[in-house]
Every structure is written in C-alpha cells, then in structure tokens.
Number of protein chains: 2
Amino acid sequence: MTKMSDPTGRGAKRAGIRDVARLAGVAPMTVSRALSFPHLVSAETREKVAAAIAATGYIPNRVASSLSSNQTMTIGAVIPTLRNSIAADFAEGFNQVLRARGYHLLLGNSEFVPEDEEAIVVEFLSRRVDGIYLTGSTHTERTRKLLRDNAVPTVEIASLPEDPIDLAVGFSNFGAAYAVTKMFAEQGYRKVALFTTFTKDNERQVERQAGYHAAVHEFGLDDDPEGLVAELEMDLKAAARQLRLLLERRPDVEALFCTGDFIAAGALFEAQRLGLTVPQDLAIAGFEGLEIAENLNPSLTTVRIPRYEIGRKAGEMLLDRIARRPVETPVVDLGFEIIRRESTAATAGQPKVRAEAGERPAGTGG
Amino acid sequence: MTKMSDPTGRGAKRAGIRDVARLAGVAPMTVSRALSFPHLVSAETREKVAAAIAATGYIPNRVASSLSSNQTMTIGAVIPTLRNSIAADFAEGFNQVLRARGYHLLLGNSEFVPEDEEAIVVEFLSRRVDGIYLTGSTHTERTRKLLRDNAVPTVEIASLPEDPIDLAVGFSNFGAAYAVTKMFAEQGYRKVALFTTFTKDNERQVERQAGYHAAVHEFGLDDDPEGLVAELEMDLKAAARQLRLLLERRPDVEALFCTGDFIAAGALFEAQRLGLTVPQDLAIAGFEGLEIAENLNPSLTTVRIPRYEIGRKAGEMLLDRIARRPVETPVVDLGFEIIRRESTAATAGQPKVRAEAGERPAGTGG
DNA sequence: TTGTAGGCGTTATCAT
DNA sequence: ATGATAACGCCTACAA
C-alpha cells in the first residue's frame, strides 16, 4: 500500500483504465473499446493501448464492468454434491460449453436440501448471475417464484419436469427404470428387487421407483414393496448390508435392480462374498453407465445416460436464452440406453451372453 | 421493462436500496447498515427496513457492493477435472468451510494444462476474487508472478511445494509411494511394478514415481524402469490393457503398485479375468483410499489420504490469510496412512490376513 | 475513429 | 443512531 507509483503495479495501487489511457495518450473509453471491440479502434491506437497495458500490468476490473454493463458473465450452478455423483459429470459438460463463451460457474452445494438450494439461489440472484443451473426439479415454491419473477434464465438438469421453471434437459427416469424392469420380466424373472437411494427431495429416485412399480404391475411380477424394495445411501458398504438384509427377507429373490452403478457394484461384491454366482444365482443391473460397470466381473448391465451431452445441451440452451434467441423446445429429452452385459445375461440354467445391444425408448412416462 | 412501479418488482425495474429507503422513510445508508451491521441500527428502524425489503422484494446488488467495498466474497478455484477425481473431494471440503463464512467458489477447469490454468487465474484476478485455490503445485512462472505481485491469498492443494506461492496443504506424495514400495519390499517382493497416471505437468505423479524409485534402490528391488513402470490414463480399461502388456514384458512380476484406486481396480479385474489369484499370483496396492477399495474382492490395500481434512484445512488457512490473521505454518502436511488389506496380504504361499492396521509417516521426503 | 458526460448501486467517511 | 457526499472503475449513450 505504498504511495509511489511503479509501472509494474507491485506494491502500488493497482493500475486502472485511466492509467492505461494516460500512458497511451488516449481517452479511457478508447482503452475500453480496444479491449472489448478491437475492430472499432485503429491498429495504431490498438498497439499503443496494448503497450500501455503491458507496461502497467493492467488487469481490467470485471466487477466494475459488470455493474456498468449489467452482465456478470457468471452462471450460478447448484449441484447437490461433487462426490461420487453423475451430477458432477453433467456440470462438467455444461461448464465446457459456457467457458468457451467466456462464462464462469459459481458453485453451490445443496446436499439435496431444497431449503439450502433456495438460500443459494438468493445468493446467486444477489450476485446478479446471468443464468442459473439447477440439478433436478425438486425446488421450493419460493425458489420457483424468485426465478420466475426475476426472469433469470434457468435450466434444470437430469429430469423432465412437467412444470419447468424455464428450460430443462434430461431423460425419463421413469422410463429407464421401467425399461430395465421390463427387461428382467422378459427374461423370465419374477422376483425382482429394487435398491434406490433416498427418495426424499429427489424426484429422480421417486420416478425410478415409480417406473419399477409400473413394470412390476404391468408384467405381473412379484409385488412386494416391503420385501423387495430398499432405500439406501449411494455407498458400496450400504449396498452390501442391504443385500444381506434382502436375502434374509426374500431368499428367493432372483434379480436386483440398483439405481446407481456403485450400489450395484457393492451388491455384486457382497453377493460374491456370500458365495452367490451372478447372474445364475442373482442377476444384477445398475444405472448411470459408469466406466466401472463394464470392467466388473461379471460386467454389469446398466443404463447409460448421455451425461456430458446433457450438460452440453443445457449449456447451449441457456446461452440461447441469455442471448434472447428463440428456444425451440424448453424441455429436451436426451434419452437413455440399456447396456446389457453379463450380470443379467441369463436366467438360471441359460447360457451366458455378452452383448452391448441397446434399446432407446424415450418418452416422458412420468 | 414496463415503466409502472409495482411493489413486487415483477416486470418493473428491480427495486434498489433507494426504493427500500424511501419506503422505510430512512436514508439508503441506513438500509445498508441495517443489512450489514444490524447492531448499529435501532430496533425500530430495523423493523421498518425489514418491512420495506419484504414489500419491495429487494435483493441487494452484491456486484455494486463488491465494487464499493473491494470485497467479492468469492474464491477462485482451479480444479483439473471434476470427474473420477479426488480433486473434487478436496474442493468439497474446502467449499464447506468457505460457504459457512459467506464465500462462494468460482470454478475453473484446467484439465492439467498449466497454460489454461494461467488464463483462468487471470480471469479470476479480473473478477477480483478474494483468494485463489490451486490444485497441485505445477504452475507457469507467470501464474506465480501474477499471484505474488497482486498479493492475492492463495492456497495450493495436495502437494508440499518447496517454493509455495503462498499457502499450501497436502501430504508427501513421495513419502507415500516410498512407504508402499517399502511395504512390498518388507513382505519379500522383489519384482514390484508401478502404474501411475501421466506425469506431464502433474508433480504429484512425478513425486510418486520418485518415491517408488527411491525405495526400489534402497531395498535392492528389481530395477527395470522400462519393463516394470507404465504411465496411463486414470481409467479402468487402460489399466486392464497395461496389465496385459506388463505381463507380456515381465511375466515374472510379483506385485503392482497403482497410484490410483480405479487403476488398481481395473488391474485387479483384468488379473482375475486372466485367471490370476490376487495376492498369491500378483499382489496389488492402490492409492487414494476410495470407498471402493475396501469393498473389492479381495479388498484393496491402499493409501488413505485425508481428503476432506485437506480441503477444510486449506479453507481455514485461506480465511486466516484473507482476514490478515497471522498464519503459523504456510505449508501444512496432513500425512497419509497405508491401509493394508487382502490384496497384498501374502507373498506366495503365505496365509491371508485381514488387517486395517496402518502406519503414519509424515515428513516431506521430496 | 475517438472523446465527453453521466450513471450503474452500493459503501466508506465524515458529520450531525 | 442516522444522514450527506463522494467515490468504486467501468460502460452506455451521445457527440464530434
């Protein structure tokens, strides 16, 4: 905080646009233009400005710029948690697209608590973000009202909400769970269990349960919500424990559908420790299409979600909205794909198959 | 953009501090104080202001606030990638601490490219972040100079740099790799292979290789950098492929140390597909202490890193720096712990052991 | 192509 | 306890 002015700005007050302008012999406005719209400035002036910037070590103050231009070039992103989560993959795809256009992400962790999400959204509005990215479609009423009243471009990720706040990109969680359960039914399994993560404040899990139940009813599978269905943390150890409990309750269970690949992996490992052979003694299917699924022994049948595509598409749509370009469809379904692998290859006694075939039903089905 | 003023702010120009002040019958400054320093305002006034805020739907403009107060309450965080990465865990712990103090994270993905990191840091400086969080200690010279010249509080995560930019929290990557290799040596293994991820612009991997080599020399293990060492992506499939190549080059290999649990898992699965028994035919150790390690069959020996603690400690130190509180030690070593499990339980012919014992050497060792 | 004037919405500072 | 005034550093709008 010394008073002496040295050109590098070290130890002195940071160089401002006025300093640059003075040194370049032009008006501050010209410096601003040279930076933002170089084509509106003569080559000669541009060089003088560039030289002055280099000499002063000038770094434009974007907060002043934001205040003046009413644009922060910032998107607020609410992500439940970064760990073990495909939510992080969605965000990564989203970030790729936005970064390329000069936007940065402001991060907020909601830990799946809508009230925390609401507080984060208020904070984002206070920071005047240009857009908002929300994971899932479970939000408080005030969150919805705030976003709509303030007309902030918003995109919801991973679900297909019937009443979107603004934009949404995702896939049918109902449809995917229905399709997996149907696959089991068609393979001849009658006793199909379901492991999901907690459904509280997580509409994706709710819809997956609904999809499972719909198929159970439609195909006349064993309908035993108490015995065959369990909710647990996204955690391998919890999956192992729940598998033991399941086998106690229903030793006759034939197949297990887990709405997460790590849960499926945990169940698979525990099944093997218990001496069961997968899929002969118990068939297992996962969800998410993580890399680990195809590397397990046996390889894991799963539902592949176009994770990065969803994030990227969301980024493109939000950019359109911000630029006030027309948005064709506010809710976009990017589908899913069932990847059949060894873990569900056979009903008891049938030969193993190694297939990467898929089906691609879309539709909301919610 | 209508001109009519309605109290909800819907469709009209957003309410500002002046609107609130007018409605409450006080000066704007008083509203500001009521919000920032409630104790400096009379209870009566506070209530009038609160009522006016509710009536107008006023949301303070933090960008104006930032410009005026020269504080953005924002930390810029450079994270190489969110996916499959303990870097995300560090960041999550860090974020917890900062969020509690009102700070938010601005995110930048460097993808392990120092030049990209530099561009992100410039952008952060332009946005006048109050502090910066960097993953690792591989940075361009300009990044260092920029940060030091601008005197921005900075913390480097995961390494123990000899020449820190400012603050750093991590553990000895050298020491951990050395300790694992030593463990193998003490168990009687002579032919120990190493899989790391790419060392280019990643000093953590470089140090892990160095730690391995130091132990190889010290304990007289088979020293064959060409044959026993490989660099690969953090990817199970790549690990499987590299294991096959390794077994072709060195069919006599006895143990494999992978500097990532997913790499270890990929190698383990492939070994099993090849009919090898772990640890009898090949012992395997991982790194990171991920949840999956203890659930594999056999359970995986690994190095547990205090991931969240590192993030939290980094957050606390950065907050101290920002508040200009004295920082006792600028570089903090939070250690590591070797978790011995079944995958390294025995040399050929020895009985299996199931142990959760650990050792906890600290020290830099770089 | 370049410059001038004024304001963006707060808060620091000094008064009262 | 409250208020008036002047920045904060840039950009919009308009003028030359």
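Computed from a predicted structure; not experimentally measured. Lettering follows sequence order; numbering is per chain, from 1.
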- Note on the structure: One should read off an interatomic distance between B:I157 CD1 and B:I310 CD1, to the nearest 0.5 angstrom, of 7.0 Å
Could you tell me whether the side chain of [X] and the main chain of [Y] form a donor-acceptor pair under 3.5 Å?
X	Y	result
B:R46	B:P38	yes
B:T56	B:I53	yes
A:E203	A:T138	yes

- Message: I'd like to know whether CZ of A:R307 has more than 12 heavy-atom contacts from other residues, nucleotides or ligands below 6.0 angstrom.
- Response: yes
- Expected list for residues 38-47 of chain B near DNA chain D, using heavy atoms below 4.0 Å, is B:L40, B:V41, B:S42, B:T45
- Minimal heavy-atom distance between A:L106 and A:R127, with the atoms involved, is CD2-CD, 3.4 Å
- Heavy-atom closest pair, residues A:F124 and A:A77: CE1-N, 3.4 Å
- Item | First encountered from the 5' end of DNA chain D, between B:N70 and B:V26 | B:V26
- Quick tally for nucleotides 8-16 of chain C: nucleotides whose base has a protein heavy atom under 4.0 Å get B, sugar-phosphate-only ones S, the rest -, giving BBBBB----
- Whole-Å distance, A:R22 CZ to C:dG3 P, equals 14 Å
- Item | A:E92 and B:T81: side chain donor to acceptor below 3.5 Å | yes
